[in-house]
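Written out below as structure tokens is the structure these notes cover.
Throughout, protein chains are lettered first and strands after them, A, B, ... in sequence-line order, and every chain is numbered starting at 1. This is a predicted model, so every value here is computed, not measured.
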There are 2 protein chains.
Amino acid sequence: MSAAENQQLKQVLREHELKATTQRIALLKLLDATHEHFDAEEIYLELLKKQKNVSRATVYRSLEALAEQDLVTRLDFGDGRMRFERSKGEDEHHDHLICEECGKVIEFFNLEMEAQQLSVCEENDFTPSTHTMHIFGICSDCKKPQ
Amino acid sequence: MSAAENQQLKQVLREHELKATTQRIALLKLLDATHEHFDAEEIYLELLKKQKNVSRATVYRSLEALAEQDLVTRLDFGDGRMRFERSKGEDEHHDHLICEECGKVIEFFNLEMEAQQLSVCEENDFTPSTHTMHIFGICSDCKKPQ
DNA sequence: ACGCAAGTGCAAATAAGTCTCATTTAAATT
DNA sequence: AATTTAAATGAGACTTATTTGCACTTGCGT
């Protein structure tokens with residue numbers, strides 16, 4: 001039932017001048033199917049589970065290539081390993097609230113904040129490419145139970 | 001000429017229940033004296049240069065202890081190593097524009113942005129502790145020369 | 001089907017940071 | 001000032017995340 005999806009992903013990869021290998025397709029499919037923020041090791045293990053042949057090196061190299069083409073996005077939550085998510089369109093951009101207790105990640109988007117960022121860039125004659133806005137703290141679930 | 005400074009730093013350390021060791025004092029003095037964002041290795045090498053006896057382990061441990069007491073601030077620019085700066089007061093908080101070309105870091109503060117952050121937290125019943133706002137792009141110096 | 005550059009797998013190599021443990025030292029106590 | 005002791009340090013081994021070298025494989029244009 002994913003033949004069509006495969007075709008579509010092959011298409012996407014080729015459009016970005018990347019060879020459509022089974023590993024890259026499986027990786028994109030995985031990230032497309034989840035809303036979580038996996039790190040490289042988790043992606044590697046997930047792909048293995050699905051009987052796919054992969055090596056860690058390929059996961060890292062694929063993620064790098066895909067990130068370069070903006071097909072996936074790197075997320076740095078400051079805990080020493082990179083996470084990844086399927087890139088959203090410009091319009092679906094979001095930032096993160098990160099619970100220091102349970103690790104949960106809440107996504108948010110605030111138009112006013114984005115506008116202020118552009119204005120700061122302008123003031124500094126700075127041409128922005130990407131940004132990260134991470135707010136660390138305690139989520140509602142973690143503060144309720146004493 | 002830094003005897004007074006030493007005394008002051010000893011005082012600060014003791015107020016935070018940290019032993020005022022020569023290593024910690026030298027480290028704070030170094031960060032006080034610069035406006036750069038050193039990583040642990042750079043701090044280690046700088047301290048060595050100044051004929052101070054230190055080991056990497058002590059640099060890491062000191063930075064951790066000092067960060068815990070909010071005497072220094074961790075900065076994560078997403079390139080795989082932590083940077084540090086002497087903590088500023090609440091009122092001196094700032095975020096960063098990071099040039100992807102030359103690595104320059106421009107500090108900025110935008111009150112409206114901070115206000116929006118709090119409002120996002122409120123909306124999500126999230127209690128913030130710290131945040132990082134990094135805008136990556138190209139600085140004015142790097143885009144002028146063709 | 002053919003050819004070859006791009007991609008992959010494996011294992012060894014790096015890089016940043018952490019840990020162990022014997023020794024030292026700040027600072028509280030006599 | 002000498003004694004005590006818990007905290008801090010130094011040296012180096014170790015861990016974890018990621019990168020690299022190299023021989024082998026595979027998309028995909030012809």
Side-chain angles (χ1 to χ4, degrees), chain A residues 6-30 37-48 50-69 71-72 74-84 103, chain B residues 6-28 30 37-48 50-69 71-72 74-84:
Chain A
N6 279 14
Q7 271 316 119
Q8 208 238 308
L9 290 174
K10 274 192 190 182
Q11 177 77 15
V12 171
L13 284 166
R14 292 205 189 108
E15 279 165 6
H16 289 268
E17 324 212 274
L18 295 172
K19 265 195 187 174
T21 64
T22 55
Q23 292 83 343
R24 287 170 179 176
I25 292 169
L27 201 166
L28 285 179
K29 221 190 280 192
L30 174 65
H37 303 102
F38 288 132
D39 63 33
E41 183 70 13
E42 288 168 333
I43 290 171
Y44 168 62
L45 293 175
E46 283 301 316
L47 292 180
L48 273 189
K50 298 189 200 303
Q51 328 297 326
K52 307 288 178 186
N53 53 321
V54 238
S55 66
R56 275 191 194 77
T58 295
V59 170
Y60 279 102
R61 282 185 291 224
S62 296
L63 286 170
E64 193 190 341
L66 294 169
E68 200 150 329
Q69 294 301 315
L71 293 175
V72 305
R74 288 173 198 282
L75 301 173
D76 182 354
F77 293 164
D79 62 350
R81 63 217 140 111
M82 280 294 176
R83 320 283 177 125
F84 298 86
Chain B
N6 279 14
Q7 271 317 118
Q8 208 239 307
L9 290 174
K10 275 191 189 182
Q11 177 77 15
V12 171
L13 284 167
R14 293 203 188 110
E15 279 165 6
H16 289 268
E17 323 212 277
L18 295 172
K19 266 193 184 175
T21 64
T22 55
Q23 292 83 344
R24 287 170 177 175
I25 291 169
L27 201 166
L28 284 179
L30 174 66
H37 303 102
F38 287 132
D39 63 30
E41 183 70 12
E42 287 168 333
I43 290 170
Y44 169 62
L45 293 174
E46 283 300 316
L47 292 180
L48 274 189
K50 297 188 199 307
Q51 330 295 327
K52 307 288 176 185
N53 53 318
V54 239
S55 67
R56 276 192 193 76
T58 294
V59 170
Y60 279 102
R61 283 184 292 222
S62 296
L63 286 169
E64 194 190 340
L66 294 169
E68 201 150 328
Q69 294 300 314
L71 292 174
V72 305
R74 288 173 198 282
L75 301 172
D76 183 353
F77 293 165
D79 62 349
R81 61 217 140 114
M82 280 293 177
R83 320 281 176 127
F84 297 86

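The CD-C1' distance, from B/Glu17 to C/dA28, rounds to 15 Å in whole Å.
The terminal axes of the helix from C/dA1-D/dT30 to C/dT30-D/dA1, fitted over 5 pairs per end, subtend an angle of 40° to the nearest 10°.
For the side chain to side chain donor-acceptor pair (under 3.5 Å) test, residues two or more places apart in sequence or in another chain that qualify with A/Asn6 are A/Lys29. Every residue was checked against the ring-ring contact (aromatic ring centres under 6.0 Å, His included) condition with A/Tyr44, not counting sequence neighbours, and none meets it. In this structure B/Gln69 satisfies the side chain to side chain contact (heavy atoms under 4.5 Å, CB included) test together with B/His16, B/Leu18, B/Leu71, sequence neighbours excluded. Considering only residues two or more places apart in sequence or on other chains, B/Phe77 meets the ring-ring contact (aromatic ring centres under 6.0 Å, His included) condition with B/His37, B/His96, B/His134.
Comparing C/dT8, C/dA27, C/dC21 against the side chain of B/Arg14 picks out C/dA27 as the nearest.
Between the side chain of B/Arg24 and the main chain of B/Lys19, a donor-acceptor pair closer than 3.5 Å is present.
Protein chain A contacts DNA chain D from D/dA17 to D/dC28, reading 5' to 3' and using non-hydrogen atoms of the protein with a distance under 4.0 Å.
OP1 and OP2 of C/dT8 both lie 4.0 Å or more from every side-chain N or O belonging to A/Asn53.
For residues 9-18 of chain B, no residue pair satisfies the salt bridge (Lys or Arg N to Asp or Glu O under 4.0 Å) rule, not counting sequence neighbours. Each salt bridge (Lys or Arg N to Asp or Glu O under 4.0 Å) pair with one or both residues in residues 38-47 of chain A, not counting sequence neighbours, appears once here: A/Asp39-A/Arg81, A/Glu41-A/Arg56, A/Glu46-A/Lys49. A side-chain hydrogen bond (donor to acceptor under 3.5 Å, both in side chains) check over residues 58-68 of chain B, counting only residues at least two apart or in different chains, returns the pairs B/Ser55-B/Thr58.
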> Using a cut-off of 4.0 Å between protein heavy atoms and nucleotide atoms, how would you tag nucleotides 11-18 of chain C 5' to 3' with B, S and -?
Replying inline: -----SBB
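Listed by residue number, the members of residues 19-28 of chain A with any heavy atom below 4.0 angstrom from DNA chain D are A/Lys19, A/Ala20.
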